[in-house]
Amino acid sequence: MARSRLPLLRRISQIVFLLLFLALLILTSLRPFPGAGSDTHLGAPVRLFFEWDPLVALANALATHALYRGLVWTLVLLVPTLFLGRFFCGWVCPLGTLQHFVGNMKSEAKRGKLRVESNRYKRWQTLKYVVLLAGLVAAFFGSMAVGWLDPFSLLVRSLGLSILPAFNYAVGAVLAPLEHSHIAAVQSFGIGVHDILQALLLDFHQPHFAQAQAFGLLFLAILAAGLRVTRFWCRALCPLGALLGAISRWSIFGLHKGSGACDQCLRCLLHCQGGDDPIGGVPWRKSECLMCMNCVGSCPHSALQFRFFRREKEVASPDLGRRRTVTGLAAGAAIVPLMRANTGLGKYRYDRLLRPPGAVDESDFLSRCIRCGECMKVCPNNALQPTLEEAGLAGLWTPTLVPRIGYCEPSCVLCSEACPTGAIWQITQQEKGWVGSASETSKPVRLGTAFYDRGHCLPWAMATQCIVCEEWCPISPKAIFLQEAQVIDSAGKTKSVKQPYIDPSRCVGCGACEYACPIQDHPAVYVTGIGESRSASSQVLLIRR
């Protein structure tokens, strides 16, 4: 009876950790806190799951030759893995839980004998070890490309930048007619439901992210693959699962097969999640087992048990083979120079690439950023967006500030709090230096410098009064100043207008001026990355020493 409760306990654990992950993801956004004022900080440990991720910690250590902050907490996961095997994949991982849920749905590709056969071990399951090797070798050469496939990065990026914004929009579209109804009861109901959902789930403002459709479709494709092959992502591609599988070879907890009681009914294969061959008569594959305990719960003869210090024939480590090992190592070594051949780290770099405040130098940034999207999700002005070609292939899906969408809030340092790997170094409002006057010893963090396109500027090109950019400049003293000028309008009359100028020694590149510029097609003022404080070579002014 006790053994039959194991799958139930696993389901409870999966639900608890999935809800915890979703709660932290929802809290990874700026919400209005009464009385918080300008000193707003994240009220939850949104980096928690990344701090449990040994893949992120190992890749970060290989790429930077150090271990950032809370990543030492990965020992909390590694130690029990040495005792229990890949329990994390079956009991904790939220992406694994979603895969498990989808894999249990009925599918024509998994009925009867087809289902039993699909849950046997397949040679292609070693592909995830090739992916792991390639990712770790790439990290050794300074690239965190493994972040593209890390399960937590993938899940945050997919849900936070695509699925949740789509849900946010759908709820608004459904409730808007109710909230604007002429019937008082219907209107009150719509407003009440919207307020409750906004307090629990919805973002304060509707977020929009570039490439959201691609993230959503990729995520749905991964889930859909589970309809054909149970937990396809976990079995074939997940580099974290591969790392835990490699570590689990030393675990002392494993599956005991009572061969005398087994009558080859194959029920253990009906719900096997890992493809680890729990069936009698063949070796159990330890590195593939997700500890879901379904085989124990399904066996009608109690022939299967999990025990400590068992002594039976098993396949403890992945059967990778020389060819696949060489392929993984070669792919990891080759991918870095191929990706960075066009990253634009020199004069060719994309001039509108604006990194978040606190971001380290570009080369180090690409060695740390895991493309998780936490900083983009938490940005209160929706200003941070995933790159496509702006940073080259090496910087794909890393964050960039897009002032036309939103500007960097002067008092906000939430992106630095949310970053789990130190790509955006954690800074305070005082270190950012945008609120109040910066002292001589403490220079403000600069993202870039604003420039004017006088051909588009109303006071300069069209003899029309406009001081919007100066009004929006949040720096004190302002980086934009006005000078009175006499101009001639289309009627030939002389009139006085105030023409704007930029003081590059004060401009921090926040993008507020570009965001507020009333010229819609091509703003009269725009921000480029020149003058950013993270790079000594990318300066607009010569510094006298």
Side-chain angles (χ1 to χ4, degrees), residues 14-46 94-95 97-98 101-102 105 155-220 223-224 373-386 402 404-409 411-412 414-415 418 472 512 515-516 518 520:
Q14 286 179 303
I15 292 172
V16 168
F17 282 105
L18 177 61
L19 292 177
L20 175 62
F21 177 84
L22 293 176
L24 293 178
L25 180 63
I26 292 169
L27 290 173
T28 311
S29 60
L30 181 62
R31 297 176 176 275
F33 296 104
S38 61
D39 189 23
T40 302
H41 296 281
L42 293 173
V46 297
L95 182 55
T97 297
L98 294 176
F101 173 76
V102 172
M105 293 181 177
L155 202 54
V156 171
R157 192 169 57 237
S158 302
L159 295 181
L161 307 188
S162 179
I163 304 300
L164 288 181
F167 175 77
N168 207 90
Y169 180 84
V171 170
V174 171
L175 294 180
L178 302 181
E179 295 180 76
H180 295 89
S181 173
H182 297 294
I183 303 175
V186 174
Q187 186 182 58
S188 299
F189 174 78
I191 294 174
V193 171
H194 191 223
D195 289 343
I196 293 173
L197 289 177
Q198 190 165 68
L200 298 176
L201 296 174
L202 304 181
D203 283 287
F204 189 58
H205 299 292
Q206 173 62 47
H208 301 276
F209 294 99
Q211 307 169 63
Q213 297 89 345
F215 296 147
L217 290 175
L218 178 61
F219 177 67
L220 294 177
L223 294 184
E374 291 266 272
C375 57
M376 307 176 212
K377 178 75 169 62
V378 81
C379 181
N381 291 336
N382 201 193
L384 295 179
Q385 298 287 321
V402 182
R404 257 341 224 178
I405 297 177
Y407 62 96
C408 187
E409 192 71 39
S411 61
C412 177
L414 295 178
C415 57
W472 272 74
Y515 172 78
Q520 294 298 313

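These values consider heavy atoms only, across backbone and side chains, with no hydrogens, waters or symmetry-generated copies.
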Check for a donor-acceptor pair, side chain of T28 on one end and backbone N or O of L24 on the other, with a separation under 3.5 Å.
yes

Please tell me if the side chains of L159 and L25 come closer than 4.5 Å, counting only heavy atoms from C-beta onward.
yes

Do D195 and I191 come within less than 4.5 Å of each other through their side chains, counting heavy atoms only?
yes

Determine whether a donor-acceptor pair (N or O, by modelled atom type, separation under 3.5 Å) exists between the side chain of N382 and the backbone of H208.
yes

Measure the CG-CD1 distance between L220 and I163 for me, rounded to the nearest 0.5 Å.
5.0 Å

By the definition side chain to side chain contact (heavy atoms under 4.5 Å, CB included), identify the one residue from V193, V186, I183 that meets it with L178.
V186

Sub-3.5 Å donor-acceptor pair from the side chain of Q187 to the main-chain atoms of H182, do we have one?
no

Let's go through F21 and T97 carefully: what are the C-alpha distance in whole Å and the side-chain angles of both, what is the deciding distance for side-chain contact (heavy atoms from CB on, under 4.5 Å) to 0.1 Å, and is it a yes or a no?
CA-CA 11 Å; F21 177 84; T97 297; over 6 Å; no

Quick one: are L161 and M376 in side-chain contact, heavy atoms under 4.5 Å?
yes

Quick check: do H194 and L202 have side-chain heavy atoms less than 4.5 Å from each other?
yes

Nearest heavy-atom contact between C375 and C415 is CB-CB, 3.7 Å

Within the side chain of E179, is there an N or O that forms a donor-acceptor pair under 3.5 Å with the backbone of G190?
no

Taking the side chain from E409 and the backbone from P380, do they hold a donor-acceptor pair closer than 3.5 Å?
no

Min side-chain heavy-atom separation D203-K377 under 4.5 Å:
yes

Go through it in stages, so that I can follow the logic: the residues are L20 and V16, the test is side-chain contact (heavy atoms from CB on, under 4.5 Å), and I'd like the CA-CA distance, side-chain angles, deciding distance and then a yes or no.
CA-CA 6 Å; L20 175 62; V16 168; 5.5 Å; no

So, do F101 and L18 sit near enough that their side-chain heavy atoms are less than 4.5 Å apart?
no

With under 30° as parallel and over 60° as perpendicular, where do the rings of Y515 and Y407 fit, or are they tilted in between?
tilted

Distance from H205 atom NE2 to N381 atom CG, nearest 0.5 Å?
7.5 Å

Could you go through the side-chain contact (heavy atoms from CB on, under 4.5 Å) check for V171 and L201 one step at a time?
CA-CA 10 Å; V171 170; L201 296 174; over 6 Å; no

Do S158 and L218 come within less than 4.5 Å of each other through their side chains, counting heavy atoms only?
no

For E374 and V156 the tightest heavy-atom approach is OE2-CG1, 3.6 Å

Nearest heavy-atom contact between A212 and S162 is O-OG, 2.7 Å

Would you sort out whether L155 and F219 count as a side-chain contact (heavy atoms from CB on, under 4.5 Å), showing the intermediate values?
CA-CA 8 Å; L155 202 54; F219 177 67; 3.6 Å; yes

Point-to-point distance, once rounded to the nearest 0.5 Å, from CD of Q520 to CZ of R404
5.5 Å

